[in-house]
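Below, each value reflects all heavy atoms present in this structure, side chains not excepted, and no hydrogens, waters or symmetry copies. Note that this is a predicted model, so its numbers are computed, not measured.
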Amino acid sequence: TISMLTGMQSPTAGSATVRGLSITRDQLRIRRTMGVCPQHDILWDDLTVEAHLKLFATLKGVPAAELDGVCHAAAEEVALAGRGWVTQAKALSG
């Protein structure tokens, strides 16, 4: 399933590859180029915009030295830089 290909679930048997990479051995490399957007809300109410962006950027393999710049740019793209940066998810609309 898509969940197995993106690493959200581990396969119980068998194997699969994405762009020639093993889903069991190369998941970090796969996550740099592929992801999935679940149909349910994956935000945690008490985490801030900053915390969410840094968490997901780290999961996607963004190097620590680039984390702040990448996350600030993403926040600016959706008008959540500045005061929105420290807003908890439960206080966001939409």
Side-chain angles (χ1 to χ4, degrees):
T1 70
I2 294 296
S3 293
M4 286 182 197
L5 295 176
T6 58
M8 292 178 68
Q9 281 187 315
S10 297
T12 56
S15 64
T17 60
V18 174
R19 296 183 174 185
L21 301 170
S22 166
I23 64 167
T24 56
R25 292 187 310 271
D26 304 309
Q27 199 52 240
L28 289 177
R29 290 178 61 198
I30 292 171
R31 286 183 186 147
R32 289 186 183 131
T33 61
M34 180 177 154
V36 64
C37 183
Q39 296 302 305
H40 58 352
D41 195 354
I42 58 169
L43 299 178
W44 291 272
D45 284 347
D46 293 329
L47 290 185
T48 63
V49 169
E50 174 187 15
H52 277 99
L53 290 174
K54 288 184 176 180
L55 169 66
F56 293 122
T58 299
L59 291 174
K60 294 294 282 182
V62 174
E66 298 173 25
L67 208 54
D68 284 337
V70 167
C71 291
H72 275 285
E76 286 178 3
E77 285 182 32
V78 294
L80 288 173
R83 287 188 352 195
W85 184 246
V86 295
T87 302
Q88 291 180 314
K90 64 185 169 191
L92 299 172
S93 64

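Counting only residues at least two apart or on different chains, the ring pair (Phe, Tyr, Trp, His ring centres under 6.0 Å) pairs with a member in residues 66-91 are His72-Trp85.
Summarising the local packing, CD1 of Ile2 is surrounded by 12 or fewer heavy atoms from other residues, nucleotides or ligands at distances under 6.0 Å. Heavy-atom neighbours of Arg29 CZ from other residues, nucleotides or ligands within 6.0 Å: at or below the threshold of 12.
The salt bridge (charged side-chain N to carboxylate O under 4.0 Å, His left out) test applied to Asp68 returns Lys54, not counting sequence neighbours.
To the nearest 0.5 Å, atom CE of residue Met34 and atom NZ of residue Lys60 are 9.0 Å apart. Separating the CG atom in Leu47 from the OG1 atom in Thr87 is a distance of 13.0 Å, to the nearest 0.5 Å. To the nearest 0.5 angstrom, Cys71 atom SG is 12.5 Å from Leu80 atom CG. Expressed to the nearest 0.5 Å, how far CD1 of Ile23 lies from CD of Gln9 amounts to 10.5 Å.
Across all their heavy atoms, Val49 and Gly84 have their closest contact at CG2-O, 3.2 Å. Nearest heavy-atom pair, Asp46 versus Lys90, reported as atom, atom and distance to 0.1 Å: OD1-NZ, 2.9 Å. Looking at every heavy atom in both residues, Thr33 comes nearest to Arg19 through CB-NH1, 3.8 Å. Glu76 and Ala81 make their closest contact through CG-CB, 3.5 Å (heavy atoms, listed as atom of the first residue, atom of the second, distance). Across all their heavy atoms, Leu5 and Ile30 have their closest contact at O-CG2, 3.8 Å.
A chain of hydrophobic side-chain contacts below 4.5 Å, direct or via other Ile, Leu, Val, Met, Phe, Trp or Tyr residues, connects Leu67 to Val70.
Looking at heavy atoms from C-beta onward, Pro11 lies in side-chain contact with Thr24 at the 4.5 angstrom threshold.
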